[in-house]
Amino acid sequence: MPALDEKQVDWTALEEAAKQAMQRAYAPYSKFPVGAAALTEDGRIISGCNVENASYGLTLCAECALVGQLHMTGGGRLAAFYCVDGQGTILMPCGRCRQLLYEFRAPGMQLMTTQGIKTMDQVLPDAFGPENLEETRDQH
Ligand code: THU
């Protein structure tokens, strides 16, 4: 049962929030600014931008900042997600960030993708998640 119906999500507001976040990106190395925004189950819009550093490999993706903001603003779960590149074009979250989003997904979480709206389960099928740790714990 989805947390929110597709029609209940203001995708334009999420797109705008993602574009605004992208303006804050610190991406002097890749020159590839990214902005991400999400709607929480309780109706907040949170966002984040990528923050790079001289080590290159330790770059923080926009989604890292977003999940930080999720917690800093009261926690909860993600109902809908939108990510853009420097042109404001829809961007697919990288593999690591799909895992970050999966951790905090609301049931039926939706993502705007280059192929239209998809669910978290479509974007990260057969995922490893917190429930797997619970299963293991039960066996010991
Ligand atoms: N990037 C993100 O912020 N999120 C993604 O999901 C894809 C990649 C950033 C990391 C790096 O700063 C730049 O895009 C180029 O990889």
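Every number for a ligand or one of its atoms is a count from 1 in the order of the listing. Please read all numbers here as calculations on a predicted model, not as lab measurements. One-based numbering along the sequence shown.
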Given [options], identify the one with the heavy atom nearest to [atom].
atom	options	result
atom 4 (N) of ligand 1	Arg98, Arg96, Glu63	Glu63
atom 15 (C) of ligand 1	Pro28, Gly86, Ser30, Cys97	Ser30
atom 13 (C) of ligand 1	Val51, Asn50, Asp85	Asn50
atom 12 (O) of ligand 1	Met92, Met22, Lys31, Glu52	Glu52

Atoms in ligand 1 flagged as close to [X], the criterion being non-hydrogen separation under 4.0 Å:
X	result
Ala62	2 (C), 3 (O)
Thr59	10 (C), 11 (C), 12 (O)
Pro93	6 (O)

Check: Is Leu14 reachable from Leu91 through a run of hydrophobic residues whose side-chain heavy atoms are each under 4.5 Å from the next?
Finding: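 No, no single cluster joins them.
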Note to self: I'd like to know if the side chain of Glu52 and the backbone of Tyr29 have a donor-acceptor N/O pair within less than 3.5 Å.
What the structure shows: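 Present.
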Notebook entry, point to check: So, does Ala27 sit close enough to ligand 1 that a heavy atom of it is under 4.0 Å from the ligand?
Noted result: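 Flag not set, Ala27 not near ligand 1.
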Next item on the list: Could you go through the side chain to side chain contact (heavy atoms under 4.5 Å, CB included) check for Leu100 and Cys64 one step at a time?
Entry: CA-CA 7 Å; Leu100 295 185; Cys64 299; 3.8 Å; yes
Note to self: I'd like to know whether Phe128 forms a side chain to side chain contact (heavy atoms under 4.5 Å, CB included) with Leu133, so could you lay out the CA-CA distance, the side-chain angles of the two residues, the decisive distance to 0.1 Å, and finally the verdict.
What the structure shows: CA-CA 9 Å; Phe128 172 82; Leu133 296 177; 3.9 Å; yes
Next item on the list: Test Arg44 against Thr73 for side-chain hydrogen bond (donor to acceptor under 3.5 Å, both in side chains), laying out the working first.
Entry: CA-CA 9 Å; Arg44 283 137 56 214; Thr73 60; 2.8 Å; yes
Next item on the list: For side chain to side chain contact (heavy atoms under 4.5 Å, CB included), just list the numbers for Met109 and Arg77, CA-CA rounded to whole Å, side-chain angles, deciding distance to a tenth of an Å, and then say yes or no.
Entry: CA-CA 9 Å; Met109 177 185 171; Arg77 308 227 144 244; over 6 Å; no
Note to self: Just to confirm my output: which protein heavy-atom neighbour is closest to atom 8 (C) of ligand 1, and how far is it?
What the structure shows: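 The closest one turns out to be Cys61 SG, 4.0 Å.
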Margin query: For atom 16 (O) of ligand 1, what's the nearest protein heavy-atom neighbour? Residue, atom name and distance, please.
Written below: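 Here the nearest protein heavy atom works out to Phe32 CD2, 4.7 Å.
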Check: What do you reckon, is CZ of Arg24 surrounded by more than 12 foreign heavy atoms closer than 6.0 Å?
Finding: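 Not buried by this count: 12 neighbours or fewer within 6.0 Å.
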Check: Side chains of Thr119 and Asp121: is there a donor and an acceptor less than 3.5 Å apart?
Finding: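 There is no such pair (donor and acceptor under 3.5 Å, judged by atom type) between the side chains of Thr119 and Asp121.
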Check: Under 3.5 Å between some N or O of ligand 1 and some N or O of Cys94?
Finding: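 Between Cys94 and ligand 1, an N or O pair is found under 3.5 Å apart.
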